Each structure stands twice: as structure tokens, then as C-alpha cells.
Amino acid sequence: MEVYKTLAEIPQDELFTGGHGGCRGCGAALAVRQAMKALGPRTIVTIPASCMATIGGSGLSTAWEIPFYHSLFECAPAVASGIRAALDIQGIIDVNVVSWAGDAGTADIGFQSLTGAAERQENIIHVCYDNETYMNTGGQAGSVTPYQAVTPDTPAGKPTPRKDMLAIMAAHHPAYLATASVAYPLDLIRKFQKARAIQGFRYIHILAPCFRGWGIREDQTVQLARLAVECGLWQLYEEIGGRRRLTVVPERRIPVREYLRLQGRFKNMDEAAVEALQAEADRRFQEVQS
């Protein structure tokens with residue numbers, strides 16, 4: 001399979017168009033725009049309640065140039081599984097079926113249907129665009145919200161670490177598993193190209209900052225997504241057949257402190273917590289490198 005080697009090779013056509021309802025600097029909108037460059041027009045997307053469900057259109061307008069189905073919060077992978085079965089029974093095999101959910105629709109409210117679809121090895125792609133908080137309902141903490149992050153319901157900082165969704169999904173033995181970041185569009189698009197070419201259950205987890213929830217400026221979305229990779233808290237890799245491969249090695253490695261200090265949500269983090277997070281980033285970096 002040929003994958004794009006440079007950004008210049010990526011199609012100019014937009015399947016998620018301008019005029020959508022996202023904020024300026026919205027990481028979720030960036031993620032879906034990049035992904036659609038690889039998925040193409042023969043794609044059906046299901047999205048549960050989330051920012052993306054409204055960003056893409058509501059009422060009589062839509063930014064999608066493909067079929068888009070708005071599902072209930074807890075069942076996007078189940079709806080995608082049904083769409084796949086309906087296509088298969090008609091002999092239509094050249095359509096990508098994607099369930100696209102935020103971290104709430106993936107790790108928390110939508111987890112029961114996700115784990116079921118993954119266990120059955122449904123022939124779909126599930127995407128988690130992860131802004132590490134429940135921004136659709138006001139920015140409450142969820143299970144993948146980082147330790148010590150300030151949210152409306154954790155004003156002193158979240159007291160527990162984030163759930164390791166990549167480890168949980170890897171335990172389902174998906175046909176393809178990958179992490180991605182809106183700061184590395186070529187890497188993200190290549191991963192969707194690979195996922196599209198593989199049969200079976202595929203899982204892609206994208207770090208997509210939300211400037212409102214993270215307490216940053218709207219022009220810092222891509223910068224913070226890049227710093228997350230450079231400090232080692234977010235690793236870019238893929239797994240095929242259980243074999244992991246690092247896809248991006250940062251040109252520089254920065255202390256986690258440089259990543260944290262730009263975000264208002266970590267204003268209460270003390271020195272001991274910063275040092276503990278640095279140790280965790282170092283451990284993860286060594287783990288993925290090996």
C-alpha cells in the first residue's frame with residue numbers, strides 16, 4: 001500500500017468543509033479534517049453526543065460532504081456495526097464505516113458498546129478524539145482527564161491519574177491500533193490510510209487539545225499538541241498484529257514542566273506532582289522506545 005510521503009501529495013478536496021460550528025483553534029475540527037483526507041468520500045461516519053456532533057452541523061446545515069449519523073451517547077460503535085452489516089448484506093464492501101467519538105463517548109459513556117465491537121472484531125474504525133475533558137457539557141473531568149487538571153468539578157485538580165485507554169484497547173487485539181496528534185498531520189493521515197486498507201476492528205486515538213478546557217490561547221492548539229509529544233506524555237506509534245512501531249521520534253525532548261506551565265488547568269500542580277509526572281513520561285518513553 002502506498003502512503004503519502006509529503007504534505008504536497010495530500011488531496012486538496014475537503015470532505016469536512018469550512019463554515020463548521022467549531023471554535024477557532026478547535027483541535028477536534030482539525031482532527032476530522034485531516035482524517036477525511038485519507039478516508040475519502042466512500043465513508044459513513046457515526047458520531048455520538050459530543051462537540052463533533054454539533055460542530056459538523058445541526059438543523060438544516062452541515063459541514064460534512066459524506067453521510068453522517070448522529071447516534072446516542074453510548075452507542076456509536078454499535079450503530080457503526082449495524083451499518084457495516086447492512087452494507088455487507090448488500091455486497092457493498094468499498095465503504096469505510098467509522099464511529100468517531102470524544103473521550104467521553106469512548107472511555108466512559110460509550111465504553112460498553114466500544115468494548116463489545118472490539119471483542120467481536122467488527123469491521124469498523126473507531127476514532128477517539130481526545131481533548132481530555134467533557135467539553136460538550138461544560139468541561140467536566142472524565143476518566144482520561146490528567147492527574148491534577150483543574151475542571152469545573154475538580155477545582156483543586158483531579159485527584160486520580162488518567163485511564164490508559166491504549167492499553168485497554170490493545171488488550172482487545174485490534175487489527176490496527178494507533179495514536180495520532182493534530183500537530184503531526186502527515187503521520188495522522190498515513191495512519192488513516194493504513195487503517196482503511198486493513199480489515200477488522202481498528203482503533204485510532206488522537207490527541208486534540210481544546211483551548212477552553214486546557215486554559216490556553218486559541219492559537220496554541222497545535223503548539224500544545226506538539227509539546228505533548230516532545231515531552232513524552234503523548235507517544236506516536238502504531239500496532240499491527242500486536243507489534244508496536246514508533247512512527248515519530250521528536251527532534252528534541254523537553255521537560256514536562258515546559259508543557260504544563262502553558263496550561264491554566266495545571267495551575268494547582270505542585271513540584272512533587274510535576275516530578276512524578278516527569279518520571280511517568282520517562283517510563284513511557286523508554287517503554288515505547290523498547
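Here, residue 1 is the first one in the sequence, and each next residue gets the next number. For the numbers below, each heavy atom of this structure counts, side chains included, while hydrogens, waters and symmetry mates do not. Here the structure is a predicted model, which is why all the values come from computation and not from measurement.
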Let me see the working for Trp100 and Thr46 under side-chain contact (heavy atoms from CB on, under 4.5 Å), right down to the final yes or no. CA-CA 6 Å; Trp100 186 289; Thr46 68; over 6 Å; no

Please step through side-chain contact (heavy atoms from CB on, under 4.5 Å) for the pair Leu177 and His172, ending with a clear verdict. CA-CA 10 Å; Leu177 177 148; His172 290 75; over 6 Å; no

Show your working on salt bridge (charged side-chain N to carboxylate O under 4.0 Å, His left out) between Glu132 and Arg265 and close with a plain yes or no. CA-CA 11 Å; Glu132 302 183 331; Arg265 61 179 176 159; 2.8 Å; yes

Leu277 and Leu260: CA distance, side-chain angles, deciding distance, side-chain contact (heavy atoms from CB on, under 4.5 Å) verdict: CA-CA 10 Å; Leu277 199 56; Leu260 300 173; 3.9 Å; yes

Could you check Arg162 against Asp130 for salt bridge (charged side-chain N to carboxylate O under 4.0 Å, His left out), going step by step and ending with a plain yes or no? CA-CA 12 Å; Arg162 64 175 276 149; Asp130 184 0; 2.8 Å; yes

Just do the side-chain contact (heavy atoms from CB on, under 4.5 Å) check on Arg120 and Ser81 with the steps written out, would you? CA-CA 10 Å; Arg120 296 190 304 271; Ser81 300; 3.5 Å; yes

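One distance of note links CD1 of Ile216 with SG of Cys210; it measures 8.0 Å at 0.5 Å rounding. In this structure, the separation between CG on Asn131 and OG1 on Thr145 is 8.5 Å, given to the nearest 0.5 Å. Remark: Ile124 CD1 to Ile83 CD1 distance equals 9.5 Å, nearest 0.5 Å. Atom CZ of residue Arg33 and atom CD1 of residue Ile189 lie 9.0 Å apart, to the nearest 0.5 angstrom. Rounding to the nearest 0.5 Å places CZ of Arg24 at 12.5 Å from CZ of Arg217. With values rounded to the nearest 0.5 angstrom, Gln220 atom CD is found 9.0 Å from Leu227 atom CG.
Under 3.5 Å, the side chains of Thr137 and Gln140 contain a donor-acceptor pair of N or O atoms. Ser50 and Asn136 share no side-chain donor-acceptor pair at under 3.5 Å. No hydrogens or angles considered: a donor-acceptor pair under 3.5 Å links the side chains of Thr151 and Asp153. Checked by atom type, the side-chain pair His126/Ser99 shows a donor-acceptor distance below 3.5 Å.
Looking at Leu236 and Ser181, their side chains come closer than 4.5 Å, going by heavy atoms from C-beta outward. In this structure the side chain of Gln34 never reaches within 4.5 angstrom of the side chain of Ile10, judged on heavy atoms. In this structure, the side chains of Leu15 and Pro41 come closer than 4.5 Å at one or more pairs of heavy atoms. When side chains are defined from C-beta on, Leu166 counts as touching Thr179, because their heavy atoms get closer than 4.5 Å.
No donor-acceptor pair under 3.5 Å is formed between the side chain of Thr115 and the backbone N or O of Phe111. The backbone N or O of Pro250 sits nowhere less than 3.5 Å from a side-chain atom of Arg252 that would complete a donor-acceptor pair. Judged purely by atom type and a 3.5 angstrom limit, Thr154 has no side-chain atom pairing as donor or acceptor with the backbone of Pro159. Formation of a donor-acceptor pair under 3.5 Å by the Gln193 side chain with backbone atoms of Tyr4 is found in this model.
Aromatic ring orientation, Tyr259 versus Trp214: perpendicular (interplanar angle above 60°, classes split at 30° and 60°).
Taking each heavy atom of Gly40 and Ile66 in turn, the nearest pair found is O-CG2, 4.2 Å. Here the closest heavy-atom approach between residue Gly142 and residue Asp108 is recorded as CA-OD2, 3.8 Å. The two residues Ser113 and Ala76 have their closest heavy-atom pair at OG-N, 4.3 Å. Of all non-hydrogen atoms in Ala195 and Ile204, the two that sit nearest each other are CB-CD1, 3.9 Å. Closest heavy-atom contact between Gly25 and Phe211: O-CD2, 4.2 Å. Residues Lys158 and Ser143 share a closest heavy-atom pair of NZ-O, 3.5 Å.
Comment: Lys5 does not engage Glu9 in a salt bridge, judged by the lack of any side-chain N to carboxylate O separation of less than 4.0 angstrom. Between Glu239 and Arg245 there is no salt bridge, since no side-chain N of the basic residue sits under 4.0 Å from a carboxylate O of the acidic one. A salt bridge links Lys37 with Glu14: at least one charged nitrogen is closer than 4.0 Å to a carboxylate oxygen. The pair Arg257-Glu275 does not meet the salt-bridge criterion, since no charged nitrogen lies less than 4.0 angstrom from a carboxylate oxygen. Using a cut-off of 4.0 Å between Lys/Arg side-chain N and Asp/Glu carboxylate O, Asp103 and Lys163 are scored as not salt-bridged. Of the charged side-chain nitrogens involved, none lies within less than 4.0 Å of a carboxylate oxygen, so that Glu122 and Arg84 do not count as a salt-bridged pair.
Scored by the side chain to side chain contact (heavy atoms under 4.5 Å, CB included) test, Arg253 finds Gln278, Ala281, Asp282, Phe285 as partners (sequence neighbours excluded).
Of the residues listed (Glu238, Lys191, Gln199, Lys194), the one engaging Tyr176 in a side chain to side chain donor-acceptor pair (under 3.5 Å) is Glu238, and it is the only one. Among Val98, Val3, Ile206, Asn96, the one residue that satisfies the side-chain contact (heavy atoms from CB on, under 4.5 Å) test with Phe192 is Ile206.
For residues 12-70, the pairs satisfying ring-ring contact (aromatic ring centres under 6.0 Å, His included) are Phe16-His20, Phe16-Trp64, Trp64-Phe68, with sequence neighbours left out.
Within 6.0 Å of CZ on Arg244 lie more than 12 heavy atoms contributed by other residues, nucleotides or ligands. Counting non-hydrogen atoms of other residues, nucleotides and ligands closer than 6.0 Å to CG of Leu7 gives a total above 12. Heavy atoms from other residues, nucleotides or ligands lying under 6.0 Å from CZ of Arg190 number more than 12.
Tracing side-chain contacts under 4.5 Å through hydrophobic residues (I, L, V, M, F, W, Y), one reaches Val144 starting from Leu114; they form part of the same cluster.
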